[in-house]
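See structure below.
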Number of protein chains: 2
Amino acid sequence: MPKIVDPAQRREAIADALFAIVLKQGFAKVSLRAIAEEAGLAIGSIRHYFTTAEGIVRFALETLVARVSARLETRLASLLPQLDAGSLSGGAAKELTVDLLAELLPLDEVRRQESVVWLAFEETARTDPALADVFETSVRGSRKLMARTLESMSHRGALRVDLDLDLEVDALAALIDGLTLRSTLHPEVLTPERAREVLSAHLEQLRK
Amino acid sequence: MPKIVDPAQRREAIADALFAIVLKQGFAKVSLRAIAEEAGLAIGSIRHYFTTAEGIVRFALETLVARVSARLETRLASLLPQLDAGSLSGGAAKELTVDLLAELLPLDEVRRQESVVWLAFEETARTDPALADVFETSVRGSRKLMARTLESMSHRGALRVDLDLDLEVDALAALIDGLTLRSTLHPEVLTPERAREVLSAHLEQLRK
DNA sequence: ATCGTTTTAGCACGTTCATGCTATTAAGCC
DNA sequence: GGCTTAATAGCATGAACGTGCTAAAACGAT
């Protein structure tokens with residue numbers, strides 16, 4: 001039998017190499033050669049796991065989405081029971097909600113890198129049908145997360161009653177998108193910590 | 001004397017060709033050859049006006065910024081006297097303010113195209129120092145516009161008094177960034193008209 | 001009509017790219 | 001210990017790229 005290498009792990013390593021290049025040199029510099037060098041592999045080796053270059057990009061995007069989704073799911077799973085238990089004060093509940101949504105902000109190096117890569121993919125996806133559907137799903141998913149969050153507040157009676165909930169969902173989703181965009185690409189204008197404050201203040205204004 | 005061609009006009013036409021390619025095929029497909037074909041010129045002709053390919057990109061970005069800035073300046077110039085005159089009702093003043101800020105949203109085909117190109121440049125600029133300073137300036141400029149807008153409301157006494165003005169400036173800037181991003185790249189999730197409604201509602205909530 | 005200069009055209013070169021193939025290497029079962 | 005097969009390595013090809021450079025063309029003043 002042959003040399004044993006976990007193929008899934010190898011694929012992830014290749015995706016990580018792609019991320020590193022996007023991060024350091026931008027999406028335009030991504031190429032099989034660059035990925036091979038970054039990963040410390042020969043081009044032939046990479047092509048053993050991915051037949052086309054496009055396949056790498058596609059897989060990398062799916063990997064990225066999976067990682068972020070997993071983190072959000074984890075947080076959500078630990079948050080919802082706490083909120084439903086009703087044992088928290090309004091302020092504590094709000095802080096936990098902020099924590100959940102702030103998961104999307106580039107508040108640490110890992111998330112900063114993910115945000116950069118995410119934004120790089122976004123431009124590529126606009127003209128690449130193979131990637132577009134992944135984004136469509138993700139964007140709808142993030143809107144859904146906002147909706148769930150606000151509905152949860154509403155059910156607890158923690159939300160102002162004079163609000164158009166649907167409109168507030170769009171506003172919250174856009175606000176977080178904008179905060180992420182600015183604090184990722186222009187941290188000297190808007191620091192991630194500041195972005196978190198803005199998010200917190202926004203939620204505070206929605207409270208009763 | 002030689003054939004008469006307005007060089008400035010030619011440069012703009014070349015920039016427009018670049019915009020068209022970004023729009024139709026994405027930033028990755030931009031090349032001298034592609035630009036030449038789109039503009040109906042020979043590569044040599046283009047290189048007569050721009051010695052390097054990088055120069056075209058740089059010039060195109062400056063052109064884009066100039067166009068958007070000019071539109072904003074025009075609107076601002078017509079808006080400020082009206083507001084200072086104090087002859088408008090609060091509601092009318094707010095609508096005019098929304099109109100001003102909505103200039104940044106992709107509400108018509110021209111602005112949609114500009115937004116797409118703008119976002120494409122943004123990713124490129126992250127790793128290209130020659131473009132980065134243009135963006136730095138523009139991002140600060142847009143924040144300044146938000147600040148001026150809110151200050152104007154504040155001076156007219158049209159703003160709630162319990163607000164942290166600086167925080168609201170960041171929030172407004174991020175909200176508009178996010179609305180633009182979403183309604184440009186994912187109009188099926190957030191239509192531009194809907195984005196305008198969100199913006200309007202946000203400003204309404206800031207009013208006294 | 002001729003000349004001088006701007007504009008246009010495009011060839012040639014060296015790089016870089018993705019990809020189709022073919023060898024070579026390494027590891028576990030017989 | 002040799003066989004089998006996954007994994008690795010890298011060569012060859014053709015296409016696309018930016019750019020240096022030279023030649024042609026177009027046009028207005030003389």
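Residue numbers start from 1 in every chain, and the chains themselves are labelled A, B, ... in the order their sequence lines are given, proteins ahead of strands. Basis for what follows: all heavy atoms, side chains included, without hydrogens, waters or symmetry-related copies.
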> Hey, is D99(A) close enough to K94(A) for a salt bridge, meaning N to O under 4.0 Å?
Replying inline: no

> Of the nucleotides dA9(C), dC17(D), dT19(D), which one has an atom closest to the side chain of L32(B)?
Replying inline: dT19(D)

>> Checking contacts here: which listed nucleotide (dC17(C), dA9(C), dA7(D)) is nearest the side-chain heavy atoms of A42(B)?
In response: dA9(C)

> Closer than 4.0 Å, any side-chain N/O of S45(B) to the OP1 or OP2 of dT7(C)?
Replying inline: no

> How long is the gap from CD on E193(B) to OG on S183(B), to the nearest 0.5 Å?
Replying inline: 9.0 Å

> Taking NZ, NE, NH1 and NH2 as the nitrogens, is one of them in D177(A) or R182(A) under 4.0 Å from a carboxylate oxygen of the other?
Replying inline: no

> Hey, does the side chain of Y49(B) come within less than 4.0 Å of dT8(C)'s phosphate (OP1/OP2), counting only N and O?
Replying inline: yes

> For the atom pair CG (L190(B)) and CG (L185(B)), what is the distance rounded to the nearest 0.5 Å?
Replying inline: 11.5 Å

> How long is the line joining CD1 of I14(B) and C1' of dT8(C), in whole Å?
Replying inline: 12 Å

> Can you find an N or O donor on one side and an acceptor on the other, under 3.5 Å apart, linking the side chain of R33(B) with the base of dA16(D)?
Replying inline: no

> Within this structure, what is the CD-to-C1' distance between E37(A) and dT16(C), rounded to whole angstrom?
Replying inline: 14 Å

> Quick one: I46(B) CD1 to dG10(C) P, roughly how many Å, whole number?
Replying inline: 13 Å

> With respect to the phosphate group of dT8(C), does any side-chain polar atom (N or O) of H48(B) fall under 4.0 Å of OP1 or OP2?
Replying inline: no

> Rounded to the Å, how far apart are K29(A) NZ and dC17(D) P?
Replying inline: 15 Å

>> Any donor-acceptor pair, under 3.5 Å, between the side chain of R47(B) and the base of dG18(D), if you only look at N and O atoms?
In response: no

> I35(B) has an atom CD1; how far is it from atom C1' of dG18(D), in whole Å?
Replying inline: 11 Å

>> Assuming nearest nucleotide by heavy-atom distance, tell me which of G44(B) and I43(A) is located more 5' along DNA chain C.
In response: G44(B)

